[in-house]
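Proteins come first, then strands; the chains are lettered A, B, ... in the order of their sequence lines, and each starts at number 1.
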Amino acid sequence: MGAEALSQENQGLNIGEAYLLSVGYDGERRKAFLKLYDTSDDRIKIWYDDTGHLPYCISKDPLEELEMNEGIAKHPGLAKMERAERYDALRDRRLDVVIIYAKDPLAIGGRPSGCIRDLVRAWEANIKYAESYIYDLGLVPCMPYRVSNGRLSPMAHELPMDAVAHLEAALEGEDEDHRRAVREWISLLEAPMPKLKRVALDIEVYSPIATRVPDPDEAEHPILCIGFFDNEGRKRILILDRGEGFEAEPLPGDLEASFFKSEADMLRAAFDIIREYPIVLTFNGDDFDLNYIWHRAQRLGMGKGDIPLEVGRESISIKNGIHIDLYKFFVNKSMQVYAFRQKYREMTLDDVGMALLGEGKRKSAASVSEMSYSELAAYCMKDAELTMRLSTYDDELVMKLIVVLSRISFLGIEDVSRQGVSNWIRSMLYREHRRRGYLIPRPDEILELKGTTATEATIKGKKYKGAIVVEPKPGVHFGVAVLDFASLYPSIIKMWNLGYETILCPHEECRDNLVPDTPHWICRKRRAIQSVLIGSLRDVRVKWYKPKSKDKTLPEPKRNWYMVVQDALKVILNASYGVFGAETFSLYCPPVAEATAAIGRYVIRRAIEKAKSLGVEVLYGDTDSIFLGTTDQALLNELVRWAKEELGMELEIDKYYRYLALSSRKKNYLGVREDGSVDIKGLTGKKRHVPEFLKKAFYDMIQILSEVRSFDEFNSARERIKRIVRECYLKLKNREYSLEELAFNVMMGKSPEGYTKTTPQHVKAARLLSQRGIEIKPGDLIAFVKVTGELGVKPVQLASKNEIDTEKYLEYISSTFEQVLDALGIEFDELIGVRRLESFFGPATRG
DNA sequence: ATCTATGGCAAGCCGA
DNA sequence: TCGGCTTGCCAT
């Protein structure tokens, strides 16, 4: 049937080179479609499914659903097969558990559905659709294809010979599953990067109250202007002509401005511009800009057909186009922490722009409603420009990341840029199930077969025991080497064949293949899917992309690409263990997470014992790292060799410290490297909430410590540190610091009413702000100072200098500095003079 | 609708 | 006053 008949829509579709960017479902046609980026004219072409697969439709009304899916019930594959027969057939093809698919078969990009029934399961066993559909066709998002007479075929690209040669050597001794996976990853990651034409859009909306954000669902106020900034630097601005009082005035010369008497005409002009581009970028366009336009256009009498937008539940797409909401991308915790190293802290365009581009939003005294046309245009254009530049800076880093993540996760770019890391991993694993013809287990099926955890967590309320943190040896240590296991948990998943299928397998023969520290065992007969996929990704990163990204002999663009891929892989690998311990993950399997952590403890424990047996002192260690009191190459190399031999794990010499200062606190240290750079971990002085004045003094002290080369030099350093602390103390006492410098900055974890058990200080301050009519939302940073009086705190906005509680601040200074000083054997009292301090000292010093 | 994990520290709250 | 608990932030 269908496979032979070309859809009418596809007839005559010929594209030389097209990148598959997104997968969607057209409800009216009841067909899946692909959005293809045509590189010859930079437009999106739509390709409709003509493979003849039947869509399964989900409806709240069961009768309606049956009716809609009549075709499926008649499907020959389904009709033929009896229930018991199906299960047997499944069992034969599976590893060792009965695994049954039970997700919404229309989940494009994978939205789980509660609507699950045998019908779907059986149907899924025989035909595949939608999410599985691009896999059936052998398609991978963001890869190049040729379309000829409506048929898609992959475009070959050359693999770099050095990569091929290197990999063949590195793959020696690995099994065939692993080798195949590594080759495929390289092929995906080395495919060409498409040049993507795109425009950034931003709107400004009139608001009668300056501080209130207009509600997009109501869209009751007019849109004042719409700015477009494209990746070739073209700037266009559409402005609503509001008549009297707003004379047309000269606008910057490179700005193409158009004025409209009618807001509807302005929107129509905006739609024409949107249609010009294959890709539209916004910063929060899902929730605000495009959402407002959507509702406003209808309020002005336009029909849905006149608007080139497609509104989904959580996102807005563009007909014949792609919409990427960069806010959703940057708000993603994994991106923030691992790819951008926490350079930005707040999820605003201003903060992200400042951190990544060195430039924030345009400052303006007036609200948009009161701005002159030229000011309004400049303000709006700046936001559009920042949004665009977030996608272009550093040789298109962000676009590259999205493309690479899309290829790894097999999600289209609209999905991958909006979803979290657990969904990327889910999609990656599902794809492999489908390719192998495996059905996918439901969460309750895995849980029932594999059960929960067997160890007791150290922290109350956690599900299982985690990593080891070695008790630090307090003091200053000169000549320290830090060794760590490269990608510890992914390596464990690879070496120990961990996966939901293989843990606690049904074979008697495997029961003695135990995970140390647990009653769990692991299958010896089959390889687990996740072990293969995560293990191969890990090897691709560690053996190819990471070293290449550091190779200074490579041309810059090449090295940049290696760096991007390396970062993208890091993000996925870092999450690859945690997802199995997250209830919300669709392949949640607590014993897998527990076993991973347990093996991690075993590995580091063995390494510590080995170091000791070599006569090396172990100063500290955390999860996957050990800090050793030697820099003797022979000893270190022996340890590395031993780890490879004995544990099958790659232990690496990470760095050397000229000296390392340890207190008795875990996860707290200061290490100075040979070149004088300093690693500060966990110390209060660097934490976000600490007042600026104290951070400054703290870093002044660090600067001094970084210059210390030998034990003797601590004496002069001590004097200089003494001066810093004294000065800090005096300025505090004389009230020379501004309120801003004195402010603690603490984030609201929830709304002010959400705090029922206790009322922390920042919440007290927040409530004072609420009383003044200032809205406080979760995620807001509250700046407050400590004051004398009942409450003890006040928001900066409401405080005055003379009510500052200097004693409290002094306590804070002393405890902050002590963390470093007690490691160095310096008494805080002695720095500042005990005489003056006596009255302040409350808590005794540690150690 | 969305959400990787556990371990550890400092500070403050709050009831015994 | 003490100690358990909550909170936020950080390490890995």
Which part of the nucleic acid, if any, lies within contact of A:S422, taking any heavy atom under 4.0 Å across all strands shown: a base, the sugar-phosphate backbone alone, or nothing?
sugar-phosphate

If I take atom CG in residue A:L662 and atom P in nucleotide B:dC9, what distance separates them, rounded to the nearest angstrom?
13 Å

Nearest of C:dT7, B:dT6, B:dC13 to any side-chain atom of A:H762?
C:dT7

Quick check: on DNA chain B, is the nucleotide nearest A:S815 upstream (toward 5') of the one nearest A:T756, or the reverse? Name the residue that is more 5'.
A:S815

Looking at every strand, decide which applies to A:K328 at a 4.0 Å heavy-atom threshold: base, sugar-phosphate, or nothing.
nothing

A:L683 CG to B:dG8 P, in whole Å, measures 17 Å

Nucleotide B:dC9, atom P - distance to NZ of A:K666 in whole Å:
6 Å

May I ask you to decide whether A:R538 forms a salt bridge with A:E650, counting only side-chain N to carboxylate O separations under 4.0 Å?
yes

Decide whether a cation-pi geometry holds between A:K686 and A:F698; the criteria are a distance under 6.0 Å from NZ or CZ to the six-membered ring centre and an angle within 45° of the ring axis.
no

A:Y657 and A:D679: side chain donor to acceptor below 3.5 Å
yes

Minimum-distance nucleotide (side-chain atoms of A:K764 versus B:dC13, C:dC5, B:dC3)
B:dC13

Distance check: side-chain N/O of A:K786 vs OP1/OP2 of B:dG12, anything under 4.0 Å?
yes

Rounded to whole Å, please give me the gap between CE in A:M748 and P in C:dC9.
11 Å

Indicate whether the side chain of A:T518 and that of A:Y464 have a donor and an acceptor atom separated by less than 3.5 Å.
no

Select base, sugar-phosphate, or nothing to describe what A:Y489 touches, counting heavy atoms under 4.0 Å on all strands.
nothing

Which nucleotide, B:dT4, C:dC9, C:dA11, lies nearest any side-chain atom of A:D622?
C:dA11

Looking across every strand, which nucleic acid part, if any, lies under 4.0 Å from A:T596 by heavy atom: base, sugar-phosphate, or nothing?
nothing

Under 4.0 angstrom, heavy atoms only, what part of the nucleic acid is A:R345 near: base, sugar-phosphate, or nothing?
sugar-phosphate

Could you check whether the rings of A:H689 and A:Y812 sit parallel, tilted or perpendicular, using 30° and 60° as the cut-offs?
perpendicular

To the nearest angstrom, how far is A:L791 atom CG from B:dC13 atom C1'?
13 Å

Of the listed nucleotides (B:dA10, C:dA11, B:dC3), which one gets closest to any side-chain atom of A:Q819?
B:dA10

May I ask you to say what A:T759 touches in the nucleic acid, namely base, sugar-phosphate or nothing, with a heavy-atom cut-off under 4.0 Å?
sugar-phosphate

Aromatic ring proximity A:Y500/A:F580, centre distance under 6.0 Å
no

Of the listed C:dG8, B:dT6, B:dT4, the closest approach to the A:V579 side chain comes from B:dT4

Closer to the 5' end of DNA chain B via nearest nucleotide, is it A:Y464 or A:N668?
A:Y464

Choosing from B:dG12, C:dC10, C:dT12, which nucleotide comes nearest the side chain of A:Y669?
C:dT12

Among the nucleotides B:dT4, B:dT2, C:dT7, which one has an atom lying closest to any side-chain atom of A:E314?
B:dT2

Under 4.0 Å between any heavy atoms, over every strand shown, what does A:I680 touch: base, sugar-phosphate, or nothing? Just pick one.
sugar-phosphate

Name the nucleic acid region contacted by A:G578, choosing base, sugar-phosphate or nothing; use a 4.0 angstrom heavy-atom cut-off, strictly under.
base

In this structure, how many angstroms lie between the P atom of C:dC9 and the CD atom of A:Q342, rounded?
11 Å

Looking at every strand, decide which applies to A:F585 at a 4.0 Å heavy-atom threshold: base, sugar-phosphate, or nothing.
nothing

If I take atom CD1 in residue A:I599 and atom P in nucleotide B:dT6, what distance separates them, rounded to the nearest angstrom?
17 Å

Look at the side-chain N and O atoms of A:R688 and state whether any lies under 4.0 Å from the OP1 or OP2 oxygen of C:dC9.
yes

Between B:dT4, C:dT7, B:dC9, which nucleotide has the shortest distance from any of its atoms to the side chain of A:A582?
B:dT4

Compare the minimum distances between each of B:dA5, B:dC9, C:dA11 and the side chain of A:Y577, then state the nucleotide with the smallest one.
B:dA5

From the options B:dC9, C:dC5, B:dG7, select the nucleotide whose nearest atom is closest to the side chain of A:K460.
C:dC5

In whole Å, I'd like the distance from the OH atom of A:Y809 to the C1' atom of B:dA11.
14 Å

Using a 4.0 Å heavy-atom cut-off, does A:Y755 contact any base of the nucleic acid, only the sugar-phosphate backbone, or nothing at all?
sugar-phosphate

Any side-chain N or O of A:N423 under 4.0 Å from OP1/OP2 of B:dT4?
no

Residues A:S315 and A:H323: side-chain donor-acceptor under 3.5 angstrom
no

Checking all strands, does A:A593 fall into the base, sugar-phosphate, or nothing category for heavy-atom contacts under 4.0 angstrom?
nothing

Please determine whether a side-chain nitrogen or oxygen atom of A:R665 lies at a distance below 4.0 Å from atom OP1 or OP2 of C:dA11.
no

Does A:K786 make a cation-pi contact with A:F744, if we ask for NZ or CZ under 6.0 Å from the ring centre and within 45° of the axis?
yes

